[in-house]
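Below you'll find the structure, written out as structure tokens, and then a few comments.
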Amino acid sequence: MVKLGAVLKPPNFSFSKQDAVKSGRFVLYFILVYLAASLLFDALFPLKALELFIANNVLSFLQSAGYAGTVSIAGAAVISLQAGPSIEISELCTGRMELLIITSAIIASTGIGWRKRLFGVVAAGLATVAFNYVRIIVTIMLILGTGDLAVIDFAHNVLFRAFLFVTIAGLYVAWFYWAVSREAALRKAV
């Protein structure tokens, strides 16, 4: 007979000194890489230029879907649709933060070879940019398809948070699993 207490006992999450050192090193390295990547990214892609670039790409998609409009700068890039609302593409819409977090986390994963990290940065970076465009376009299509502010607010906020989770956590876990699975299989075979 199984005791109820044994079944409900939480797992033992022990954290050795070696684990703490590895985690601390990862966090420190992540912060340093994130700061350096932010400075480099901002130097290469100024925020207003990035917002304008994304707004123009989104408008091109909307035009292919039959919507006419223009892009202007008014604090942030603004897509003004002729038969609809004006849509602001602000810093949070650029996906910059997500891109920097995922690429910095991959670079900071020092136990994995540089080739795999470089592949991860490129693949996760491209996926993040693609997911960001999908998120923006889906949100805009929901805005254009409904006049219900509650639906619009829900879609914008839920999609934004889901995007954060999927790109940062989902892509990192997928990359990490890919990066270590072959090495784990080789160690198992030996």
Side-chain angles (χ1 to χ4, degrees), residues 30-31 33-108 117-178:
F30 169 81
I31 291 168
V33 170
Y34 183 87
L35 292 173
S38 293
L39 292 173
L40 179 63
F41 192 87
D42 290 346
L44 294 173
F45 307 103
L47 181 59
K48 295 301 170 200
L50 184 60
E51 290 172 354
L52 193 59
F53 178 77
I54 291 170
N56 280 313
N57 287 334
V58 169
L59 179 60
S60 293
F61 174 83
L62 292 172
Q63 288 172 332
S64 71
Y67 295 95
T70 59
V71 172
S72 61
I73 294 284
V78 176
I79 301 170
S80 299
L81 298 175
Q82 287 178 357
S86 292
I87 298 155
E88 184 178 303
I89 304 295
S90 68
E91 180 178 3
L92 288 176
C93 300
T94 63
R96 174 193 173 280
M97 178 180 60
E98 295 84 356
L99 182 64
L100 290 171
I101 289 172
I102 188 68
T103 57
S104 297
I106 290 170
I107 292 169
R117 285 191 272 170
L118 182 58
F119 174 81
V121 164
V122 171
L126 291 172
T128 301
V129 169
F131 281 143
N132 192 51
Y133 276 113
V134 168
R135 178 189 67 84
I136 292 169
I137 290 167
V138 167
T139 302
I140 290 171
M141 298 309 279
L142 286 169
I143 290 168
L144 296 173
T146 182
D148 186 353
L149 289 177
V151 171
I152 294 167
D153 186 53
F154 176 77
H156 184 263
N157 291 326
V158 169
L159 279 176
F160 178 73
R161 284 171 181 79
F163 172 74
L164 285 172
F165 178 76
V166 168
T167 56
I168 295 170
L171 290 174
Y172 184 81
V173 167
W175 168 79
F176 189 83
Y177 179 77
W178 169 82

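Numbering starts at 1 and runs along the sequence shown.
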List the residues meeting side chain to side chain contact (heavy atoms under 4.5 Å, CB included) with T146, not counting sequence neighbours, and say none if there are none. D148, V151, I152

Would you compute the distance between atom CD1 of I168 and atom CD1 of I101 and round it to the nearest 0.5 angstrom? 4.0 Å

With F154, which residues qualify under ring pair (Phe, Tyr, Trp, His ring centres under 6.0 Å), at least two apart? none

Taking atom CG of L100 and atom CE of M97, what is their separation to the nearest 0.5 Å? 9.5 Å

Below 3.5 Å, can you tabulate the donor-acceptor pairs from side chains in residues 120-128 to any protein atom, sequence neighbours excluded?
residue	atom	partner	partner atom	Å
T128	OG1	A124	O	2.7

Calculate, to the nearest 0.5 Å, the distance between atoms OH and CD1 belonging to Y34 and I102 respectively. 12.5 Å

On a heavy-atom basis, the closest approach of V78 and A74 is CG2-CB, 4.2 Å

Consider side-chain contact (heavy atoms from CB on, under 4.5 Å). Of T103, I107, I106, which one does V33 pass it with? I107

Can you run down the side chain to side chain donor-acceptor pair (under 3.5 Å) pairs that involve residues 155-177, sequence neighbours left out, and say none if there aren't any? S109-Y172, D153-N157

With sequence neighbours left out, which residue pairs that include part of residues 40-50 fulfil the salt bridge (charged side-chain N to carboxylate O under 4.0 Å, His left out) condition? D42-R96, K48-E51

Please find the pair of heavy atoms, one from S80 and one from S86, that lie closest to each other, and give the distance. OG-OG, 3.4 Å

What ring-ring contact (aromatic ring centres under 6.0 Å, His included) pairs are there with at least one residue in residues 44-63, not counting sequence neighbours? F41-F45

Side chain to side chain contact (heavy atoms under 4.5 Å, CB included) with V71: which residues, sequence neighbours excluded? L52, A55, N56, L59, I79

Once salt bridge (charged side-chain N to carboxylate O under 4.0 Å, His left out) is applied, what residue pairs with a partner in residues 66-75 remain, sequence neighbours excluded? none

Holding to side chain to side chain contact (heavy atoms under 4.5 Å, CB included), I want the full list of residues that pass it with M141, two or more places apart in sequence or in another chain. L62, Y67, I137, L144

Inter-residue atom distance I87.CD1 - L81.CG, 0.5 Å rounding: 4.5 Å

Which residues satisfy the side chain to side chain contact (heavy atoms under 4.5 Å, CB included) test with L40, sequence neighbours excluded? L44

Residues pairing under salt bridge (charged side-chain N to carboxylate O under 4.0 Å, His left out) where one sits in residues 127-140, two or more places apart or in two chains, turn out to be none

Working to the nearest 0.5 angstrom, can you tell me the gap between F131 CZ and I136 CD1? 14.0 Å

Within a strict 4.5 Å, meaning less than it, do heavy atoms of the I54 and C93 side chains meet? no

